[in-house]
Every structure is written in C-alpha cells, then in structure tokens.
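Working notes, structure below.
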Amino acid sequence: MLDKGTLERLFKTYCKPGFTYAYGTAGFRYKADVLDTVMFTTGVLAGLRSIYMEGRTVGVMITASHNPPEDNGVKIVDPKGEMLEQSWESYATDLANSATQDFTAFSVFLQKLVHELGIDTNAPGNIAIARDSRESGPRLLRAFLSGSRILPNIRITDHGLLTTPQLHFLTSKGNEQQNGPAVDRFFYYKEFLSAWDDITALCGIKSLPYKLEIDAANGIGAPRVKEMLSAHKFFDGNFRVVNDDWQTPASLNHLCGADYVKTNQRLPHGIQAKNDCPRICCSFDGDADRIVFYFCDSKGQFRLLDGDKMATLFAKFFQSILSSVNLQESLSLGVVQTAYANGSSTHYIEQVLGIPVTCTPTGVKHLHHEAINHDIGVYFEANGHGTVVFSKKFDEVVSRGLSNRHQSSSTLQSLRLLSKFSNLINQTVGDAISDMMGVLAVLSILGWSPQKWDLEYTDLPNKLVKVLVPDRTVYKTTNAERQLLSPPGLQGKIDALVADYQHARSFVRASGTEDAVRVYAEASTREEADSLASRVSQVVKHNS
Ligand SMILES: CC(=O)N[C@H]1[C@@H](OP(=O)(O)O)O[C@H](CO)[C@@H](O)[C@@H]1O
Ligand SMILES: [Mg+2]
C-alpha cells in the first residue's frame, strides 16, 4: 500500500465529510456532486475485491442509468459478469462512510477490512472500467482511479464509453479468455452478430420483417448500437436511431427512453404515431441495460410491449422448442418476475403456458440469482430489465444431442437453434441491444407481427406513483416486497382499500435508487387502477 503521507494527500483531495452513502439496488447512485468520496473508496474496494478474487478482473461501471443527467453512480461487477456479492456491498458502504468521517477513521477501517479478509495489498489485481455518457463521468473516473492507485499492483483497463451490459459482458469474457483475442467492444459486436447470423441462416430468414425504430434516450446506447448495426446487411437501411444526441448532456433521458415510455405509457419524443409501413419501435434507457418495445395500432393508439411481454415471448418460444425435441422433462424452464409484473402476465405464464413463476424483490441481482436455478431461466422486470440464463446442464444436454449422429434433421435444427440463442442473449445481465436482437429473432422465426405478440394476453390497467416521504427507511417489507411490515398498521389500511376493487392489487415499498416510496396499483379498469393508486398514496402520505 502507498505510504501514509501520499495516501492522506490523495484522501484529502477527494474525500469530504458530511454524507451517508448506501450501496443500493444498483450500486451507489446520487447527485454527481456528492459522489467524489464514494468514487475514491470504491476505487480502493474494487482493487481489494480483485485481489481477494485471486487477481481476476472485476468490472466497474460509472452510470446512473435512467436517472436525470445531474445524477451519477457506480457499481462493481464480479468476475463472471454478475453483480457484486452481497456481503461486499456492506464493506463498500462501510468503507465509504468511514471516509466521510476523517482520514483516521478511513485508514483504521481499511486496515481492519484488509486484515479480516486476509488480503495482501501488494498482490496483483485487475479492474475493467467503463462509463456512460454523463458529463460528470471523467471527473468521477479520476476520483476512482486515485482510490485504486493506493494498491500498487492493480492494472486498470479503461474501456471509455460503453453501455452497462457491454461492461458486464467484457468483464466476464476477459476472465474466460486470458490469451484470446482482445476483449473490447468490437469483440462484443462480433460475438452477438455472429450468433444473429447463425440463427437467421439456420431459419432461412433473409431480412427483417419490419422497419426498426430505436429511441436511444440520448445516451451511450446511441453510438454503440449504430456502430454495431450500421454495416450489417440485415440492419443497414432498415433501422433508425432517434434521440441519439448523447453529446448534449442535458438531453439524457429527457422526454424519451425506456423509463419515460413505460412510466408515462406513451411514445417518446421523436417517434411519430404514424403507421404507414410495418414497423416495431423500442426504447433503451440511458445506459442501455433496459428495453421496452411498442407500436401504434391501426387507430394510431400506442401499445406497449414491456418486460413482462418479453418474458412471456421468450418463455413460450423456449417451451415450444424444448417440447419439439422432447427435452421438456430433462431441462427445467422457469420465469422470474417482481411484484411490479402485471398480474395478467403472471396468470398467462402459470395458467396458459403452465410454466412456474417465482417472485423476488426488485433489482436484477435478485432475479438473476433465482433464474439460475432453472436450466432456462427467463427473468424480466416489468420495466424491461432482464435476460435469459442457460445452465451448464443445458449446455451439456444440447451438445450431447448435437453429437448424436442418429438425430433427425429437425431435431438437430432445434438443438442448434437453442445453442445459438444462448449466444445471442447476454447472459450476464439485461442488455437492450442483445434483448432487442433476441426479440427480433423470435418474432422473425415465429412470423409474428408486434400486434400478434401483443394479443397473447391483455395487461390489467395499472399505475405506478412516487410519493415523497420524510424518511423512506422506515418502509420495511416482506413476501418479495408485496407486504409492509413497517410502518405499523399501514398494510392493513392498504388491504382494506384493495378490497374495494375488482381483481385489484396494490403494494408499497421504498425505492432503492431514489429518495421516495413507490406505490403500485392494478385493477380491472383504468379508473379503478388510478383511484386505488391515488387512495393508497394518500394513506402513505398521512402515515408519514
Ligand atoms: C419500479 C422500478 O422500475 N424500479 C427500478 C428501480 O429500482 P427502485 O429500487 O424501485 O428505485 O431502479 C432499479 C435499477 O435500475 C431497477 O432494477 C428497478 O426495477
Ligand atoms: Mg439502466
């Protein structure tokens, strides 16, 4: 470790007292001007994590996703591309909060942590880092790098501007192929485009069935998706990226992007309601790890195809392939959702498709951990954040099937398709670009229009409201966040309100990314959903 004098000087450059940090749903996320301290300490922590993981590369992403341009954040990605292990979240929080006291508190806590974890601070480690397009990114990167510098043998690979899922993917691949080709964003493009080429060749698909319009939220997804698709024969001339002004910081997520479209249930700025040629539209969020699709029906009405619709599309698709090759008994298929999933989607998956559904708390780390219990685990948050994960057993069963020379050609075709889909989908985390290609591939194979996809089930009208309260930490939940334990008595009042409506559901939880409490309500009519959301919000306000 650096000598005490240098360490103290660096500490004083970046760390300020007077703020309390918490590693939330997606890492640390606050207004950018209070982040320097936690960026510095996260630099230290990511280095320690890599040393602890025997030098394997740990990823770091500087982003605040769908939040406004003045926010930013940081999260650590473990070597396989998944979210940071939970026990380390509290080390990250405690180290940051020691630094908001003073240098002595920080160095005492750091020594204690290093000792408890048995870490040799001079051992080698590797960090792969990237950031989204926010203006504060370069400044926060400097604070991070200064933190990581206190450990002398940490090697940093700075990928510059990437989408969040690109960073997850490159972190995981970097650890898998130490001596292989350069693992950079061009490697990412090649991997996913070659899976796309294999699938379309296998299924005889020659062109996209409709024009594709992508709203990139004026974020980093814009230049990255253009760079990837522009030179490709399927996409060149058949797609258009709107809200691609990623170099104007104030426009990020403004009147556009997946969160805007899902929350307001309307078209983003820049996409017209006109419907003069077959098309499908989609919106990414600011760091392109979420996507929602939509189209306008013959009357010009906006129709949303959200994360729940993607989960059902993938689940149905994989179910039919598994049964076509008689693997439905040997490979398990399951869907993971959160309490925000529309009740109709859950009903459709369980009752119509007969596929088991599990509900977890909000945040992809929870969904991901549950999904890996299946051989094909489909997980999506309603807001469009999700992916499909395939087990080791899946790989083994499929490759065994492929090497069996007595298989029929249709069985071989289905097995190849399964295998190629596991390459087209970014299994490390939800990925707007990879999910987009996955959905387009499924729709093309099935010959489905967006209208046909939408008709599979009808959403229950729903409403999501943000309520500002003096202290959101008093809102404690149980049963995958569907019931409140505290404040006392509040759940009973919510239950009494819900009982006034048909097919209704409502729950309240504290946001992990914003200083607010979220109220969700759904019911059989739009008026009832709105009324229930508003009455539950009132009760929350009065209780706080
Ligand atoms: C209702 C909702 O959309 N919540 C979002 C939001 O979490 P909250 O904890 O609700 O603020 O941001 C998370 C990170 O992007 C995302 O995983 C999650 O789905
Ligand atoms: Mg995001």
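Any value given below was found using the heavy atoms of this structure, including those in side chains, with hydrogens, waters and symmetry copies removed. Whatever order the structure lists them in is the order used to number ligands and atoms, beginning at 1.
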Notebook entry, point to check: Side chains of T473 and D471: is there a donor and an acceptor less than 3.5 Å apart?
Noted result: yes

Note to self: To 10 degrees, how wide is the angle OD1 (D289) to the Mg ion (ligand 2) to OD1 (D287)?
What the structure shows: 90°

Notebook entry, point to check: Is Y340 touching ligand 1 with its side chain, its backbone, both, or neither, if touching means heavy atoms under 4.0 Å apart?
Noted result: side chain

Checklist line | Protein heavy atom at shortest distance from atom 2 (C) of ligand 1 | finding: N383 ND2, 3.7 Å

Check: Would you say the side-chain atoms of Y294 and S283 include a donor-acceptor pair closer than 3.5 Å?
Finding: yes

Check: Hey, what's the angle at the Mg ion (ligand 2) spanning OG (S65) and OD2 (D285), nearest 10 degrees?
Finding: 80°

Checklist line | the Mg ion (ligand 2) to nearest N/O/S of T63 less than 2.8 Å | finding: no

Margin query: Regarding ligand 1, does L464 bring an N or O atom to under 3.5 Å of one of the ligand's N or O atoms?
Written below: no

Checklist line | Heavy-atom proximity to atom 4 (N) of ligand 1, best of T63, T164, T362 | finding: T362

Next item on the list: Taking the side chain as every heavy atom from C-beta outward, state whether F295 and F302 have any atom pair closer than 4.5 Å.
Entry: no

Note to self: Checking Y379 against H368: is there a side-chain donor and acceptor pair closer than 3.5 Å?
What the structure shows: yes

Notebook entry, point to check: Does a side-chain N-to-carboxylate-O contact under 4.0 Å join R185 and E227?
Noted result: yes

Check: Taking 4.0 angstrom as the limit, do R131 and D158 come out as a salt bridge?
Finding: no

Margin query: Distance alone, cut at 3.5 Å: any donor-acceptor contact between the side chains of N97 and T20?
Written below: no

Notebook entry, point to check: Against heavy atoms of R509, which atoms of ligand 1 measure under 4.0 Å?
Noted result: 8 (P), 9 (O), 10 (O)

Item checked: Closest approach of any protein heavy atom to atom 16 (C) of ligand 1, naming residue and atom -> E381 OE1, 3.4 Å

Item checked: Among W88, Y30, F28, Y91, the one residue meeting ring-ring contact (aromatic ring centres under 6.0 Å, His included) with Y23 -> F28

Notebook entry, point to check: Are K262 and ligand 1 in contact, using a heavy-atom cut-off of under 4.0 Å?
Noted result: no

Item checked: Enumerated ligand 1 atoms positioned under 4.0 Å from heavy atoms of H66 -> 12 (O), 15 (O)

Check: Quick one: does ligand 1 sit under 4.0 Å from the side chain of T513, the backbone, both or neither, non-hydrogen atoms only?
Finding: both

Notebook entry, point to check: Tell me, which protein residue and heavy-atom name are nearest atom 15 (O) of ligand 1, and how many Å apart are they?
Noted result: R290 NH2, 3.6 Å

Next item on the list: May I ask you to establish whether K309 and Y457 are in a cation-pi arrangement, using a distance under 6.0 Å from NZ or CZ to the six-membered ring centre and at most 45° from the ring axis?
Entry: yes

